[in-house]
K.L.:
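I'd like to ask some things about the structure below.
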Amino acid sequence: MKEHEQLSFLNEDTQADNGPVVCLGLTFKNDAERREYFRNELRRKLPELKQGEGFPIGEDEDIIALSDPPYYTACPNPWINNFIEEWEREKVEKYGRGANETYRCEPFASDVSEGKNDAIYNAHSYHTKTPHKAIMRYILNYTKPGDIVFDGFCGTGMTGVAAQLCADRKEVESLGFRVVDHGTIQREIEGEDVKEIWEDFSKLGARRSILTDLSPAATFISYNFNSKANIRSFESVGKSLLDKLMLDYRWMFFTLKNDSSINKNNFAKEIRNLSDIEEVKELLYRNENAFGKVNYVVWSEVYSCSNCTEEIVFSEAALDKDKKAKEQFPCPKCNAEVKKKDLDKVKEYKYDYRLNKAIKHAKRIPVLINYSLGAKRYEKTPDELDIELMKKMDELVVPDWYPTNLMMNKGEKWGDTWRAGYHSGIKQVNDFFPDRALVVLSDFIKLLRDVEDHEVKQNMYFLHGSVLPKLTILNRYMPQHGSRALVGPMTNTLYVPPLSVENNVLNQLNFQFKKIMKALNEFSGNIISSQSSTNLDIRDNSIDYIFLDPPFGANIMYSELNFIRESWLKVLTNNSQEAIENKTQEKSLLEYQELITNCFKEAYRILKPGRWITIEFSNTQAKVWNVIQHSLHEVGFVIASVDALSKTRGGLHSMIGTIAVKQDLIISAYKPNRELRLNIISDSSLEIEMWNFVNSHLEFLPVFKGDKGQVDFIHERDPRILYDRVVAYFVRNGFQLQVSSQDFQNSLRIRFPMRDGMVFLESQVAEYDRKRLRIIEFSQMNLFVIDETSAIEWLRQQLMKKPKTRQELHPNFMKEIQHIAKHEMLPELDDLLHQNFLKYEGEEAVPEQVASYLRKNYKDLRGLENDDVNLKEKALNRWYVPDPNKQADLEKLREKSLLREFDGYLVEIEQSKKKMKQFRTEAIRAGFKKAWSEKDYEKIVKVGERLPESVIQEDDKLLMYFDNAQIRLGL
C-alpha cells in the first residue's frame with residue numbers, strides 16, 4: 001500500500017453469508033437484516049430490561065452497537081427462554097429423545113491433566129480461565145448431544161467453546177477418549193492384567209450453552225470465542241488495517257543504531273525545527289537505513305531525595321550488581337541512605353492536546369531501549385534524538401478518541417485495587433497508557449468505523465482488547481531475570497512498578513493478530529447475556545447441566561480490573577450485584593455470602609431435578625471455601641464429591657480435608673429429584689424419609705475411584721460424612737433428625753454393604769468388588785488435625801491400626817496439634833482418651849480389638865486365650881477403639897459433658913458483652929444441636945453473635961444452625 005492511498009475496507013468481500021437466515025422461527029434475507037430487526041426489538045425492550053439486576057452502565061446506543069441480538073447482548077438477553085423452547089424441540093426432532101427419558105450419572109471423578117498451551121486459551125488473557133478441554137470432560141460426562149449447559153460466571157466463554165467441541169471427533173480423541181460406531185465415546189478403565197478395558201460413557205455431538213456474566217468485557221470476549229467468524233475476511237481486513245497503521249506510525253518506533261554515522265545532535269535539531277508531522281515522517285523515512293526498530297522502552301520513576309530534595313532516578317540508584325532492587329540505597333547527590341517507601345515521587349505537568357489542558361503526572365523517564373536490526377536485537381541508552389522524537393510526537397500528533405473517564409468514575413481512591421503510593425497522579429483510564437500506545441489504539445478504533453461487516457468489526461475490537469494488557473504502564477521490567485526481564489503486569493492487580501515497559505504497540509497488534517487467527521472458529525448457537533446471576537430470567541427446571549467458576553471472596557476485584565478494558569468498549573460493569581468481598585463497595589464476607597447464595601439459588605431453580613452442577617473454586621481462606629459449601633447446602637444442592645484441580649500439571653485428586661484449600665477445587669453436587677415432604681409428622685415417617693434420602697444419595701456417588709494401581713477412599717461414602725449430609729438435608733427442610741451419629745452408623749452397617757470403610761448400595765457393590773480386585777494398594781484418608789473433631793479422628797485412626805499406651809501416643813500427638821486454631825480450647829490428651837476411647841486395665845479378659853493385634857504381631861502370644869496372664873500383661877494400659885455398642889454409651893456421656901460446658905458459656909455471655917476468645921468448638925456444636933431440637937433459636941443466635949465471625953464462617957455445622965435459627969426468627 002502506498003502512502004497516499006486511502007484505506008478502504010469497503011473494497012473487500014467481507015460478507016460471510018448473504019443468503020437467507022432463519023432465527024427463532026423468523027426468516028431474514030441475511031444476517032444484517034436479522035441483526036437490524038433484533039436490534040430494534042432490543043431498543044424497544046431496554047426500558048424494561050433496565051429494571052433488572054446488574055444492568056450495565058452505558059448509553060443505549062453503545063449497548064446496542066456492541067450487541068448481536070438475539071445471540072449476544074451487552075445487557076440482559078430477553079430471548080433466552082425462546083431459545084430453550086427451540087432447543088427442547090430440537091432434542092426430539094433432531095436427536096430422537098423423549099421428554100420423559102431417564103437420566104442417571106455418577107459425578108466426574110477421574111484424574112485430569114490439561115495444560116494451557118492451546119490456541120483458543122492463549123488468544124485473549126483474562127483474570128481466571130479454565131482450559132476448555134478440562135470443561136469438555138465434565139460436559140461429556142454429565143450431558144448428551146443437544147443438552148443445555150449454563151455458566152453464570154462465564155468469563156472468556158470457555159464453557160461454550162467446550163460445549164461446541166463435544167462434536168469435534170479429533171478434539172474428543174485428544175482427551176484420551178475413543179470414538180466408535182454411531183458417535184459413541186468410550187473411556188479407558190485401568191486394570192492390573194488387562195491392558196485396555198473401554199466403557200461407553202457419552203455421545204459425540206454439540207451441546208447448547210447459555211453464558212452470562214456481570215462484566216460486559218467478559219461477555220464480549222465470550223461472544224468472539226462463541227460466534228461464527230469469517231476467517232478469510234478477518235485476515236484480509238486485519239492485514240489491510242495493520243498495514244495502514246504500520247505505514248502511518250512505524251516512524252514513532254525508530255531509534256538510531258549504536259554505530260550510525262548520523263550526527264544525532266544535528267539530526268535532533270533538524271527534527272526540532274520541523275512543524276509539520278508529514279515533514280518529520282518524510283525526513284525519517286529518507287534516512288531509514290540509519291535506524292533500528294524499537295521493540296520496547298524501559299521507563300523509570302523519579303523520586304525526590306528526602307535529605308537534599310534532588311532527583312533520584314530509580315534505575316540508576318536502586319539496583320545492585322545483580323540488577324535487583326535494593327531496599328535501601330544512597331542518594332547519588334548527597335549520599336544519604338534512603339528507602340523507596342519513604343521517598344516522594346517527582347511530579348511534572350504535561351500538556352494533553354486532546355483534553356487541551358496541562359495534567360499533573362508522576363515523572364517517568366526512558367532509561368533503556370531494546371531495538372532490532374533484522375533478526376538481531378540490541379540495547380542502548382536513549383539519546384537526544386529519541387527524546388526529541390517523543391516530544392515532537394506529543395506536539396504534532398493529536399490522537400482521535402480514547403477513554404478519559406475517571407477510574408471507577410471516582411478518580412483517586414477508586415477501589416480496593418487503589419494504592420496511595422504507586423497510583424499517585426493516576427486518576428483517568430488514559431493515565432495507564434504511554435502516549436504512543438494511545439495514538440495507535442485510538443486510530444485503530446477510528447479505522448474500524450469504515451468496516452461494514454459486523455462479525456469482522458467485532459473480531460477487530462476483540463484484537464484491540466487483547467493487546468491492552470501488554471500496552472499499559474503496569475508491565476514490569478525485572479532485569480535480574482536476564483532474557484526474561486519482561487514479566488508483564490502483576491496478576492489481578494493494578495500495580496504500577498518503578499520500572500515499567502512500553503512495548504511497541506504495532507508489534508503487539510501483529511503478534512496478537514496471528515494468535516487470534518488461529519483461535520477464531522465457526523462455532524454458533526450459544527447464547528450470551530450480560531447480567532447478574534442473582535436474578536435470571538430463565539424458566540424453572542430447564543437446564544441440563546451447570547458449570548460455574550464463581551468469584552473467590554476478595555481474591556479478584558473483577559469490576560475494577562475490567563474497567564480499563566470496558567472503557568474502550570464504552571459499556572461498564574454495574575457492580576452493585578458483584579459477588580466479591582470489597583471494602584470500597586462495603587461488601588464483607590457476609591455480603592459476599594448473601595450474593596453468592598442468591599446466585600446458587602437461581603442455579604438450583606433453573607436446573608432440572610436429578611441433574612448436576614460443577615463448581616470450580618480457588619481460595620486459600622477456609623472461611624470463603626466454607627461459605628461456598630454452606631451456600632450450596634442452604635439452597636438445596638447435595639454435594640457428592642470434592643476434588644482438587646490442577647490446570648497445568650497433575651490433575652484431579654480426591655479431596656480429603658473439608659477445611660484447608662490450597663488449590664483449585666471441584667465440587668460435584670446435584671439437585672435432588674424431590675423435596676422433603678412437608679406433611680411428615682411422625683418419627684417413623686421421618687426415618688423412612690431419612691433412608692429414602694440415603695438410598696438416593698448413594699446412587700449419585702461415584703462407585704469407584706482409582707488410578708495408577710491405587711484405589712482411593714471415596715470421602716462421601718464415609719458413614720460419618722453421610723450422617724452430616726442427612727442432617728444438613730433435614731435442617732434445610734425445617735426438620736430435626738432424631739437419631740444420633742452412632743445409631744445412624746450402626747443402622748447403616750445393617751442396611752447397606754460396607755467395603756473398605758465405605759457404604760454402598762447392593763446394586764453398586766459388585767462393580768466395586770470387581771474393580772477392587774484388579775488393584776492391590778488402597779489409599780486411606782490422610783488427616784490434618786485442626787480442632788477437637790479432627791484430633792479425635794486422628795486418635796481413632798492411630799488406635800485402629802494399633803492399640804497404644806498413653807506414653808506411645810503422647811509424642812506424636814503433641815506434634816500433630818501444632819496447627820490447632822487459636823480459638824480452639826482443645827482438651828488434654830487424657831480427657832480426649834477418656835471421653836472417646838477405652839483403656840484395658842487388666843481386670844477382665846483382653847478385648848478382642850487388642851488381643852487380635854497382639855496375637856498377630858507377637859509370636860510368643862499366638863494361640864493364647866484372651867484371659868491368658870501373658871496376653872493380659874502385654875495388653876495392660878493400652879487404649880483401643882470400643883465396639884459399636886459401648887461406643888454409643890460413650891457418646892452419650894461425652895455429649896452430657898459438652899452440654900455442661902456449653903451451659904458455662906451461656907453464663908459467661910450473660911456476664912460479659914465481649915466476644916468469646918477461646919472455647920471448645922465441640923461444646924458449641926453440641927449446644928446448638930440441642931437448642932435446635934428444642935426449637936430454642938434465640939439461644940443459638942445469642943451464642944452465635946458472640947463467637948468470632950471467622951469461627952462461624954469456617955465451621956459448616958455452626959453456620960448451618962446459626963443461619964437457619966436466624967431465618968426462623970425472621971432476622
Side-chain angles (χ1 to χ4, degrees), residues 56-68 72-75 123-127 155-156 213-225 238 241-242 245 249 352 354-355 398-411 414-415 417 426-451 454 456-475 489 494 502-503 505-506 508-509 512-513 516 530 557-575:
I57 300 169
E59 297 295 326
D60 289 359
E61 292 307 311
D62 290 328
I63 291 172
I64 292 169
L66 199 60
S67 302
D68 186 13
Y72 156 60
T73 57
C75 63
H124 201 302
S125 63
Y126 199 66
H127 321 298
T156 58
D213 201 288
L214 193 64
S215 166
T219 55
F220 182 72
I221 297 170
S222 296
Y223 165 69
N224 280 273
F225 276 130
L241 189 148
L242 294 179
L245 292 174
Y249 298 114
D352 189 312
R354 183 173 174 270
L355 298 178
V398 180
D400 199 70
W401 177 88
Y402 57 78
T404 57
N405 44 323
L406 295 173
M407 278 298 294
M408 301 301 291
N409 301 314
K410 293 180 179 180
W414 62 70
T417 55
I426 297 178
K427 299 179 181 179
Q428 302 175 166
V429 171
N430 57 297
D431 292 336
F432 285 95
F433 292 91
D435 294 333
R436 283 181 283 205
L438 285 175
V439 168
V440 178
L441 290 171
S442 65
D443 204 38
F444 186 106
I445 297 292
K446 180 181 178 181
L447 291 172
L448 287 184
R449 296 170 192 159
D450 291 332
V451 179
H454 179 268
V456 172
K457 180 180 287 190
Q458 296 293 67
N459 293 155
M460 296 306 295
Y461 273 110
F462 181 62
L463 167 62
H464 181 277
S466 73
V467 301
L468 294 180
K470 286 293 186 181
L471 299 179
T472 67
I473 61 174
L474 307 181
N475 285 275
L494 293 176
E502 177 195 0
N503 286 305
V505 59
L506 298 172
Q508 290 298 316
L509 282 167
Q512 281 296 122
F513 176 69
I516 289 174
S530 309
M557 306 299 152
Y558 289 94
S559 60
E560 296 177 26
L561 298 174
N562 284 335
F563 191 84
I564 295 173
R565 174 75 177 93
E566 291 173 351
S567 294
W568 287 93
L569 294 175
K570 300 182 180 180
V571 184
L572 307 172
T573 297
N574 178 343
N575 62 18

K.L.:
Would you sort out whether M460 and L447 count as a side chain to side chain contact (heavy atoms under 4.5 Å, CB included), showing the intermediate values?
P.N.:
CA-CA 10 Å; M460 296 306 295; L447 291 172; over 6 Å; no
K.L.:
Please test V467 against L441 for side chain to side chain contact (heavy atoms under 4.5 Å, CB included), starting from the C-alpha separation and ending with a verdict.
P.N.:
CA-CA 9 Å; V467 301; L441 290 171; 4.1 Å; yes
K.L.:
With side chain to side chain contact (heavy atoms under 4.5 Å, CB included) as the test, would you mind laying out the steps for F433 and L468 before giving the verdict?
P.N.:
CA-CA 9 Å; F433 292 91; L468 294 180; 4.0 Å; yes
K.L.:
Looking at K427, I'd like to know if its NZ atom is crowded, meaning that more than 12 non-hydrogen atoms belonging to other residues, nucleotides or ligands lie closer than 6.0 Å.
P.N.:
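Counting other residues, nucleotides and ligands, NZ of K427 stays at 12 neighbours or fewer.
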K.L.:
Verify, without hydrogens or angle tests, whether D213 (side chain) and G155 (backbone) share a donor-acceptor contact under 3.5 angstrom.
P.N.:
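The answer is yes, because a donor-acceptor pair under 3.5 Å joins these two groups.
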K.L.:
Quick check for you: to the nearest 0.5 Å, what is the distance between H124 atom NE2 and L463 atom CG?
P.N.:
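Between H124 NE2 and L463 CG, I get 9.0 Å after rounding to 0.5 Å.
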K.L.:
Q458 side chain to L66 main-chain N or O, any donor-acceptor pair under 3.5 Å?
P.N.:
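Answer holds: yes.
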K.L.:
Which is it for S442 and I445 under the side chain to side chain contact (heavy atoms under 4.5 Å, CB included) test, yes or no, and what are the steps along the way?
P.N.:
CA-CA 5 Å; S442 65; I445 297 292; 5.8 Å; no
K.L.:
Provide the closest heavy-atom pair for A217 versus E566 in the form atom of the first, atom of the second, distance.
P.N.:
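So the minimum-distance heavy-atom pair works out to N-OE2, 3.2 Å.
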K.L.:
Nearest 0.5 angstrom please: D443 CG to D400 CG, how far?
P.N.:
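If we round to the nearest 0.5 Å, D443:CG and D400:CG are 7.0 Å apart.
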K.L.:
Determine the interplanar angle of the Y461 and F220 rings, folded into 0 to 90°, and report it as parallel if under 30°, tilted if 30 to 60°, perpendicular if over 60°.
P.N.:
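Ring orientation of Y461 relative to F220: perpendicular.
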K.L.:
Please check if the side chain of Q428 supplies one atom and the backbone of G411 the other of a donor-acceptor pair under 3.5 Å.
P.N.:
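Looks like no, no N/O pair under 3.5 Å.
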K.L.:
Would you say NZ of K410 has more than 12 non-hydrogen atoms from neighbouring residues, nucleotides or ligands within 6.0 angstrom?
P.N.:
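Above 12, so yes.
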K.L.:
Looking at side-chain heavy atoms only, is the closest gap between L509 and F444 below 4.5 Å?
P.N.:
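Result yes, sub-4.5 Å side-chain heavy-atom pair found.
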K.L.:
Let me confirm one number: the CG-CZ distance from N409 to F563, rounded to the nearest 0.5 Å.
P.N.:
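Answer for the CG-CZ pair, N409 versus F563, is 4.5 Å.
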K.L.:
Could you tell me if the side chain of S559 sits less than 4.5 Å from the side chain of M408, heavy atoms only?
P.N.:
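They are in contact (side-chain heavy atoms under 4.5 Å apart), so the answer is yes.
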K.L.:
For the side chain to side chain contact (heavy atoms under 4.5 Å, CB included) test, which of I221, N574, T573, V571 pairs with S215?
P.N.:
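Going through the options one by one, the only one that passes is T573.
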K.L.:
Roughly how far, to the nearest 0.5 Å, is the OG atom of S67 from the CG atom of D62?
P.N.:
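These two atoms lie 10.5 Å from each other.
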K.L.:
For Y126 and N562, which I'm curious about, is there any donor-acceptor pair between the side chains at under 3.5 Å?
P.N.:
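Note: Y126 and N562 side chains meet the donor-acceptor criterion.
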